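Have a look at the structure below before the remarks.
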Amino acid sequence: MEKNKDFLEFLVSHSKRYGFIFPSSEIYGGINAIYDYGEYGVALKNNIKDFWWKSMTQIHDNIVGIDSSILMHSDVWSASGHVQKFNELLIDNKDSKKRYRPDLLIKNHVEKFFYKNEKKRKEILSRLYDCLSNNNLLGIKDLIHELNIHDPISHTNHWTDIKYFNMMFKIEDHRKKNLFLRPETAQGIFINFQNVIKSNRMKIPFGIAQIGKSFRNEIVARQFLFRLREFEQMEMQFFILPEEEKFWFKYWKNMRMKWHLLFNLGDEKYRFIENTHLPHYASLGTDIEFNFPFGFKEIESIHSRRDFDLIKHENYSKKNMKVFDKSKKNYFPYVIETSLGLDRCFFTIFSSSLKKEKINNGKIRTVLKIPSFLSPIKAAILPLVKKDGLPEIAKKLFNNIKFDFKLLYDHTESIGKLYRRQDAIGTPLCFTIDYDTCKNETVTVRYRDSMKQYRIHINEIKDVIKKETELKSILRKIHN
RNA sequence: GCGAGAAUAGCUCAGUUGGUUAGAGUACGACCUUGCCAAGGUCGGAGUCACGGGUUCGAAUCCCGUUUCUCGCUCCA
């Protein structure tokens with residue numbers, strides 16, 4: 001555990017030092033759980049987005065993309081249930097210093113002590129639900145005292161008052177109307193459901209994909225990029241015939257896992273976890289978890305939201321949210337949701353690719369072994385020494401190839417140091433111009449992972465970069 | 001929020017029982033040198049010692065408060 005903590009500190013430090021991730025507002029003392037992406041960070045992030053976006057909208061001809069706004073009519077969040085139910089109730093035990101959810105304390109207590117007494121059980125639970133729907137926090141606390149619920153650790157009943165947090169950021173516009181920063185991108189998809197059907201002539205089954213920022217007023221947000229208050233989601237809502245719910249749920253579960261495995265970070269680092277308590281909108285749910293430096297944690301969830309959202313929006317907006325089908329007439333389709341945290345995905349790749357490696361000369365090198373198709377810089381063009389016209393030749397070559405790939409030119413250090421700099425930011429290839437280049441137009445190509453070098457003709461450079469870094473070959477594997 | 005730990009240069013860290021103008025390595029800039037894996041040399045820029053009070057002749061160091069970060073409890077993408 002101590003080792004993991006050290007590694008996490010090294011990772012945070014490395015990502016700042018090399019321009020991947022900066023703490024937000026650092027010059028003013030920082031702000032909890034908000035981070036900025038530097039040049040290489042945003043490049044890596046954009047490459048992940050590009051891969052996801054194409055995996056959805058380019059490979060599947062029945063998935064289209066949208067980009068809905070962050071601010072929406074406040075009725076969207078009443079309809080979706082987020083105003084009422086997207087909150088946390090918390091109670092602390094003063095002796096054990098542990099924090100609990102009061103509704104779960106009561107439910108667990110009832111299960112344990114009244115499992116034979118159906119009548120009593122129902123009575124208590126209905127009181128609990130009454131309190132929950134009326135936001136009657138005192139009522140819930142009374143219930144805890146009446147039942148004489150004790151903390152499982154301290155065995156005392158010294159409880160604090162119950163605290164209530166809604167997890168949506170609320171803001172006000174100049175007309176004093178409440179607006180919310182969206183806590184999920186999905187609602188932007190549901191409210192555009194009919195627009196997309198009509199404009200793209202979509203037929204069930206079909207999906208709508210979206211990448212965008214979401215905001216959650218987390219009470220405790222931490223663990224670097226893991227739990228952020230402002231974060232980016234990559235969500236796809238797939239609309240289906242209700243009777244095909246199980247089929248598509250399974251299909252997308254497998255498809256999403258397959259997608260993650262294409263990063264080649266180690267299959268054993270991923271696992272499925274069936275959700276035991278589901279969000280208010282879902283009927284089936286599975287998480288894909290990843291083994292982070294601090295253990296297995298959720299990165300993506302696949303839910304069946306059924307017709308929950310479309311029915312709600314039809315009720316609130318009085319607009320038709322059904323689809324028409326000759327055999328079934330008008331009906332609400334079901335929805336399978338795949339929802340991936342982009343920042344978390346970034347974190348999985350970064351944390352499992354950053355290595356300290358002992359090399360042949362006994363020294364340690366720091367190398368970011370990210371998949372080449374995600375690398376911020378595809379190749380570096382370097383002169384062996386900074387004299388005898390080699391920098392000029394290298395710069396000319398750079399200017400030639402920069403239209404095809406994101407490249408980097410550097411001559412400020414000895415060649416060994418330049419290689420290590422590229423290792424540190426995950427550049428898969430380095431092309432070095434030396435004295436032979438002047439004679440026969442050959443250069444050396446040096447591979448990041450093996451550190452091996454080969455001599456090739458300058459006309460081969462583009463092909464080598466393409467072969468090593470292109471996305472196409474990865475995308476092909478999705479449908480194999 | 002509660003509990004535990006922490007904060008000195010971009011990064012990693014030293015700094016003695018309170019005592020000159022707060023240091024090192026590395027990184028950064030310039031120049032010299034350099035035929036392939038963080039090479040060597042010279043010079044240079046860089047810090048309100050997290051912030052605000054207090055004790056003291058004197059505070060990075062002692063005391064109080066605040067902020068931020070890390071870990072645990074809860075929740076999630």
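Just so you know, these numbers come straight off a predicted model, no measurement behind them. Below, read A as the first sequence line, B as the second, and so on, with proteins coming before strands; counting in each chain starts at 1.
- Of the two residues near RNA chain B, A:S301 and A:K452, the one whose nearest nucleotide lies more 5' is A:K452.
- A:K387 has no side-chain polar atom (N or O) that falls below the 4.0 Å cut-off from OP1 or OP2 of B:C32.
- Of all nucleotides present, none satisfies the Watson-Crick or G-U wobble test against B:C37 with each distance under 3.5 Å.
- A salt bridge links A:K163 with A:D92: the distance from a Lys NZ or Arg NE/NH1/NH2 to an Asp or Glu carboxylate oxygen falls below 4.0 Å.
- Remark: the separation of the C1' atoms in B:G44 and B:G52 is 35 Å, to the nearest Å.
- Residue A:K417 places at least one side-chain N or O closer than 4.0 Å to OP1 or OP2 of B:A27.
- Taking side-chain N and O atoms only, A:T432 has no distance below 4.0 Å to OP1 or OP2 of B:C36.
- A donor and an acceptor atom never sit less than 3.5 Å apart when one is taken from the side chain of A:R216 and the other from the base of B:C75.
- For A:K355 (side chain) and A:S352 (main-chain N/O), a donor-acceptor pair under 3.5 Å exists by modelled atom type.
- Counting any heavy atom pair closer than 4.0 Å across all strands shown, A:Y454 reaches no nucleic acid atom.
- Look at CZ on A:F290: it is 18 Å from C1' on B:C76, rounded to the nearest Å.
- Interface remark: the A:R448 side chain does not form any donor-acceptor pair with the B:C37 base, using a distance-only criterion of under 3.5 Å.
- Nucleotides B:U16 and B:C71 have their C1' atoms positioned 31 Å apart, rounded to a whole Å.
- Residue ring and base: A:F231 counts as stacked with B:A77 (centre distance below 5.5 Å, interplanar angle below 30°).
- A 3.5 Å limit on both hydrogen-bonding distances identifies B:G3 as the Watson-Crick or G-U partner of B:C71.
- Rounded to a whole angstrom, the distance from the C1' atom of B:U17 to that of B:C13 is 23 Å.
- Taking atom P in both B:G15 and B:G23, one finds a spacing of 15 Å when rounded to whole Å.
- B:C63 sits 7 Å from B:U55 when the C1' atoms are compared, rounded to a whole Å.
- Within the structure, every side-chain polar atom (N or O) of A:R229 is placed at least 4.0 Å from both OP1 and OP2 of B:A77.
- Contact annotation: A:Q223 side-chain N/O to B:C76 OP1/OP2 distance is not under 4.0 Å.
- Contact annotation: side chain of A:E298 to base of B:C76, donor-acceptor pair absent below 3.5 Å.
- When the P atom is used for both B:A27 and B:A39, the distance is 8 Å, rounded to whole Å.
- Look at B:C76: it lacks any Watson-Crick or wobble partner with both distances under 3.5 angstrom.
- For B:A38, the OP1/OP2 oxygens have a side-chain nitrogen or oxygen of A:K363 closer than 4.0 Å.
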Ring pair (Phe, Tyr, Trp, His ring centres under 6.0 Å) for A:F292 and A:F226? Distances and angles first, verdict last. CA-CA 9 Å; A:F292 284 97; A:F226 186 75; 5.3 Å; yes
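- The base of B:C2 has none of its N or O atoms less than 3.5 Å from a complementary donor or acceptor on the side chain of A:R99.
- A donor-acceptor contact under 3.5 Å is formed by the side chain of A:Y18 with the base of B:A38.
- Classification of A:D50 and A:K54 as a salt-bridged pair holds, one side-chain N sitting under 4.0 Å from a carboxylate O.
- With respect to the salt-bridge test (charged N to carboxylate O, under 4.0 angstrom), the residues A:D309 and A:K312 do not qualify.
- Look at B:G65: its Watson-Crick or wobble partner, with both distances under 3.5 angstrom, is B:C51.
- Note: A:Y35 and A:F22 fail the aromatic proximity criterion, with ring centroids not under 6.0 Å apart.
- Contact annotation: A:K16 side-chain N/O to B:C11 OP1/OP2 distance is under 4.0 Å.
- Applying the 4.0 Å criterion to OP1 and OP2 of B:A38, one finds that A:S414 has every side-chain N and O outside that range.
- Of the nucleotides present, B:U26 is the one that pairs with B:G10 by Watson-Crick or G-U wobble criteria, both distances under 3.5 Å.
- The same atom, P, is picked in B:G47 and in B:A24; the two are 15 Å apart, to the nearest Å.
- In the interface, the side chain of A:D287 is not paired with the base of B:C76 through any donor and acceptor atom under 3.5 Å apart.
- Nucleotide B:G58 is matched to nothing when pairs are restricted to Watson-Crick or G-U wobble geometry with both distances under 3.5 angstrom.
- Of the side-chain N and O atoms in A:N361, one or more sit less than 4.0 angstrom from OP1 or OP2 of B:A38.
- The only option from A:L382, A:T432, A:T437, A:V385 that meets the side chain to side chain contact (heavy atoms under 4.5 Å, CB included) definition with A:L390 turns out to be A:V385.
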Before giving the answer on side-chain contact (heavy atoms from CB on, under 4.5 Å), spell out for A:D388 and A:Y435 the whole-Å C-alpha distance, their side-chain angles and the decisive distance to 0.1 Å. CA-CA 9 Å; A:D388 300 328; A:Y435 293 103; 2.4 Å; yes
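- For A:R17 and B:C11, the shortest distance from a side-chain N or O to OP1 or OP2 is not below 4.0 Å.
- The separation of B:G25 from B:C31, taken at their C1' atoms, amounts to 23 Å, rounded to a whole angstrom.
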